[in-house]
Every structure is written in structure tokens, then in C-alpha cells.
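In what follows, chains are A, B, ... by sequence order, proteins preceding strands, each numbered from 1. Heavy-atom basis, side chains included; hydrogens, waters and symmetry copies ignored. What you see is a predicted model; the values in this text were computed from it and never measured.
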Amino acid sequence: MTNSNPPDFTEHWRQSLEEWAQAWTALAQPPAEAEQPAEGGKPATTPAEVWKRSMDRWLGAWSGYLEESMARPEFIAATGKALSRSLDVQKPIKDQTEESMKRWLEAVNMPSRNDITRLARQMNDITARLDEMGDRIEELIDAVTAIRGGDTHAGSLVNESGAPLGAGRWS
Amino acid sequence: MTTTSADYMRDEMARNAQRVARGVELIVDQSEARVGHTPRQIVGRRGKAKLYHYPAQGETKAALPVMFVPYLGISRTYIFDLQPGASFVEFITKQGIDFYLVDWGDLGPEDREFSMEDAVMDVIAAFVQRTLRHSGAKELDLFGYCMGVSMTMSFMATHPNAPIHALVMMVGPVDFTHGGSFGLWSSKEHFPVEKLLDTFDNAPLEYVQLGFKMLQPTNDAASAVNLWWNLWNEKYVDGYRAMNRWSNEWVGFPGEFFRQWITWFYQENRLVKGELILRGKRVDLATITKPILIVAARQDKIAPPASCKPLVDAVASVDKEYVELPGGHISLIAGRQAHQNLWPKLVSWLREREPKAQGKRNGASKA
């Protein structure tokens, strides 16, 4: 997945400069010579196009080079170590800040971040339970309709005898 | 008529003037780009997860609805309905297909315990039922995208009798030994995932963001150059604004899910080895026999083709096809090129497998 040959930046610069010079020369020449009637009467390149192509190539070369560098074991080991060390520093600071903040908030009768997270988690659980109950009620309605001989849609939700089929029945 | 150098210089100067004018407009106009134009409604919920229904458009309606399971966290799902003319959802619904999109929601610190099991065994299972109920169909086609592939395949393996007709798995890594740069960076030896989650509730957004930026280190500079180059073009600028909005809106990655994703998938490669166990059930991909289309993108750095292709051999389906298209992870689904490449292919693949006997569904659907 990585390039075996790192990009040659000197060669890239040389090509870009050559193209750039050619494009400007073509534009600076008298019209009769500059008109390179290629297809559609348009010269092959203009300085703007050369600039764009050069930038694309330059960025592409850098991208390839950086990607290759970041896939090297040395880079991966170094970033892993740096991350680990930064977490070693961050954790105690974070814990201590949270603890002090919690005490301060308690003193002024305010909920802490943990209190709010806990409440939000409870809300989540309640919402999920309500959604589940809603689905169950719909399944039961289908089952009752089937028993009464009515037409239930989504046949997969009830079996022939009208018993509700939850997702568990697919297992 | 021939064009002289002077004409080119004049044209270029005129274009530069347009660029400057549009650039000033872009700086002054701080309003958010409009995204997600296709009409939709919420038809199911499970906690924070929502199931959106995008009704089929057009006269003929496909026999089966499609349920689409994307990645969890990271970014928003409106990428699938970015702009008119460049919207996957718009394209699919215009082909007469009822489209159901799973949106995992804005996950915060309170979702720290949300796990792979919850996603696969609760949410996907409930939404499959919900899609069937709402659409009135007896079966559906299931799409997976990115890590949604691992989730849908896990669902299929743990629910072998689920009423799924066919599977379309897009740019989803399955064999994580070929997981590209993410695979290398998240190796067991070097990536301290437990320490990270011990420090933070969820995977910190800045770290996730940094990981994605590192995948394409010059991407921001290249976008700026391309923007300047196309700044005179109103259509391009509109597309850029929409894409720029999407790429700068990040969504939290629940801690437990992130831990499982890194350790079970990237570090231990359990899915393809048949060692993944969800709530006591083994995820054996060899039990999957439904028709399956597997799509990979040639320039994909998140899910390189080598990580997607092993799914072909892992499943027991007789009717299976692998397609590798030019493009990247996102351009396959959100680029204007996708119109010509992937999307028509997906629709024709589904049409060829559409159940004949079932015919057209009635248009009525139940909430």
C-alpha cells in the first residue's frame, strides 16, 4: 500500500519550471507562432493550467511522501509512544480537575458533569425502553388482528397462528 | 476562429476577477450550505438511533425496500443526500425504491457503554422489523456502508432467518490485516486504546479527526487549490460548501464501541476469522447464503480493496459479485462521478434479483 520509491522532489521542480517557462514563452511569442491550433484552437497549456498541474503534482508528491513516512514502523512506534505519554500526563490532570470541580459544584448546589451524564444515560435507557414497548404493542396489535382474521401486513412479524415474531425469532 | 495569447490573458484575467468576487462572497456569506434535500420522515427510533424513510418517487415502485446501514459516529449521514443531482438517496428513490436510512444519532458521553452488540442485536434487528412493518414488504434488501458492512454481516450471521432478500456491501473492511494506514496505526503493540478510553469517555473527536487528516495529509491544501481553480464556477462552489460543511461536522464515537472496533476488528481480526461472538452467538460469515454484491473503491484509504474483497470467499452465497471501481471511500457515494459508475450498477443488480412473484407492493405504508 505504500510507494516503494519516495518521490523525487528535485525532478518534480525541474519539470514544473520547464513547463512554466514553456507556457510563458508561448504566450509571449507573436500571435502567429503562439497560436498552437491544437484541438478546438486552444493552445496546449496556459501558465494558469501549468500552475494548476504543477500544484497538483507537487501536492501529490508530498502526499505520497508523507503517507509513506507515516506507514513506517518507526513513525508508528514513535506516535504510539507519544500518545501513551500524553495520556499518562492528561489522565491525572483530568481526574484532579474533575474532582475539584465536582466538590466546588456540590458546594454551590450545582450538578457536576458526571451527574448530567448519568441523567442523560437514564433518559437514553428510558427512551430505548419506550421504543421497544412501542414496537411490542404494534406486534401485539398485529397478532390480535391476525387472530380476528384480519389482514396483517409484514407477514414476517406474525406466524401462521398469529403469534408475534420478534427479531429474536430470526436467530 | 483562432484565439490569440492576448485573448487567453484577457480570459484568465476575467476568470480571476470572477474568482475574487466569488471568494469575497464565500467569505462574507457565513450561512450554512443547505444539505439533505430529499423529503424524509422518521419512522422508527431506538434510543438515539433513528430510522428515516425516503419514499420512492416515480410511477413504478420496486418490489422491495432498501435499508441502509452506514458507519457509526465520525460524521453525519447527510453525505448520502448531499445535494440535488449529487445525492445517492435522491438517485435511489427516483428509481422507485423505498429507502430507509439508519442514523445512529449524536452520540455523547452518556453513550459511552453503547456497544457493537447493541448496534447489531438491538438497533439493526429492530429497524429491520420497523422497515418491514412500515413498507408492508415481506423482505428487504440490506445495504451496508463502511463499518456498516461489519455490522450488517454480523446481523446476518446472528439472524440467519431474517427476511433479507439481497445484500449490497460497500467499501467495508472485512479482513483487517489489509486495513491500510488505520490498521497499521491501531496495532496492538503501539495504540494504547484501553488507556485512551480510561482517560476519556468516548474516542476524543480531535484524535479521530487527526487520524482521518493523516490518511490524506495534503487533502486540505489540495481542496484549497481546487477551490481557487474552480472558484468562478458557482456549481462547484455550492458543492464545495456542502462537502466542506459535512467534513467539518464530527460525531462522537462511543467508548465501548470504539474499544471493540479497534480490538476485535483491527487488532484481532475476529470477523473474518469467525471468532467474533456477540451476546453468545458466533458470527460465522460462512452461514450467509443470500445474494451479495460487494463494492470496493480502488483509491480507498479507509477500506482498501484488499480488506473488502475477502468477503467474497467468506460468505457461502452462490450468487455473489465483486466490483472494484475507481474513486475513494466517499467519492463512490457522494461524488458526481458516482452517478455514472456505482449507482446505476447497484440498481440494475437489485432489479435483476427482484422477486418476480411478489410484484409491485401497494403504495400504502403504515407508520
Side-chain angles (χ1 to χ4, degrees), chain A residues 1 26-29 31 34-35 37 41-43 46-48 52 55-56 59-60 62-63 66-67 70-71 73 76-77 79-81 83-84 87-88 90-91 94 113 116-125 127-128 131-132 134-135 138-139 142 153-157 166-171, chain B residues 1-6 8-9 12 15 44-48 108-113 122 125-126 128-130 132-133 135-139 158-163 178 180-181 184-185 187 189-192 195-196 198-201 214-219 221-222 225 229 281 304 306 366:
Chain A
M1 48 139 267
L27 279 186
Q29 277 167 355
E35 286 156 16
K42 192 183 172 186
T46 64
K52 176 70 169 63
M55 280 305 285
D56 287 346
L59 289 170
W62 267 110
S63 184
L66 291 171
E67 278 172 41
M70 287 191 289
I76 297 164
T79 46
K81 210 173 275 178
L83 176 61
S84 186
L87 293 173
D88 286 340
Q90 281 188 67
K91 182 156 171 58
K94 192 171 174 281
R113 182 179 180 274
I116 290 169
T117 305
R118 201 166 32 243
L119 274 176
R121 194 174 300 153
Q122 282 171 355
M123 286 286 289
N124 260 1
D125 291 345
T127 316
D131 296 334
E132 209 177 314
D135 287 351
E138 283 177 349
E139 284 169 15
D142 272 359
H153 84 295
S156 53
L157 297 180
R169 296 291 186 92
W170 299 334
S171 311
Chain B
M1 198 181 99
T2 54
T3 317
T4 63
S5 307
Y8 283 118
M9 294 291 272
E12 196 52 45
R15 190 156 278 190
R45 287 177 192 270
R46 239 331 174 268
K48 282 192 178 173
E110 65 277 15
D111 301 296
R112 177 189 180 136
E113 304 300 329
D122 291 341
V128 165
Q129 265 195 313
R130 193 75 209 148
L132 292 170
R133 157 171 284 280
S135 63
K138 291 192 191 310
E139 286 184 307
T158 49
H159 297 76
N161 301 318
H178 304 291
S181 297
L184 295 171
W185 298 334
S187 67
E189 300 76 41
H190 302 299
F191 186 62
K195 204 186 261 187
L196 185 77
D198 196 31
T199 309
F200 302 101
D201 291 323
M214 279 164 63
L215 272 185
Q216 287 173 297
T218 56
N219 199 39
V225 170
W229 188 248
K281 286 184 186 168
K366 234 177 189 175

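- When the side chain to side chain donor-acceptor pair (under 3.5 Å) test is applied to Asp198(B), no partner is found at least two apart in sequence or on another chain.
- Counting heavy atoms from C-beta on, the side chains of Ser181(B) and Met70(A) never come closer than 4.5 Å.
- By the side chain to side chain donor-acceptor pair (under 3.5 Å) test, Asp201(B) is found to be paired with Arg113(A), Arg112(B), residues two or more places apart in sequence or in another chain being considered.
- Heavy-atom minimum distance, Ala222(B) versus Leu59(A): CA-CD1, 3.6 Å.
- Side-chain contact between Ile76(A) and Phe191(B): absent, with no pair of heavy atoms (C-beta onward) separated by less than 4.5 Å.
- Of the charged side-chain nitrogens involved, at least one lies within less than 4.0 Å of a carboxylate oxygen, so that Arg46(B) and Asp135(A) count as a salt-bridged pair.
- Looking only at side-chain heavy atoms (C-beta outward), Glu110(B) and Leu119(A) stay at 4.5 Å or farther from each other.
- Heavy-atom pairs under 4.5 Å with chain A were tallied for Glu113(B), Met214(B), Glu189(B); the largest tally goes to Met214(B).
- Atom-to-atom distance recorded for Met123(A):CE and Lys48(B):NZ is 10.5 Å, nearest 0.5 angstrom.
- Of the atoms belonging to Leu196(B), heavy atoms from both backbone and side chain fall under 4.5 Å from chain A.
- Taking all atoms of both residues into account, the shortest heavy-atom contact from Gln216(B) to Glu67(A) is CA-OE2, 4.4 Å.
- Counting only distance, with no hydrogens or angles, the side chain of Trp185(B) and the backbone of Thr79(A) share no donor-acceptor pair below 3.5 Å.
- Here the CG atom belonging to Leu215(B) is positioned 12.5 Å from the CG atom belonging to Leu66(A), to the nearest 0.5 angstrom.
- Options Asp125(A), Asp88(A), Asp56(A) differ in how many heavy-atom pairs under 4.5 Å they form with chain B, and the most are formed by Asp88(A).
- Annotation: the span from Glu132(A) atom CD to Asp122(B) atom CG amounts to 7.0 Å, rounded to 0.5 Å.
- Looking only at distances, a side-chain donor or acceptor of Lys94(A) sits under 3.5 Å from a matching main-chain atom of Thr199(B).
- At least one donor-acceptor pair closer than 3.5 Å links the side chain of Asp131(A) to the backbone N or O of Gly47(B).
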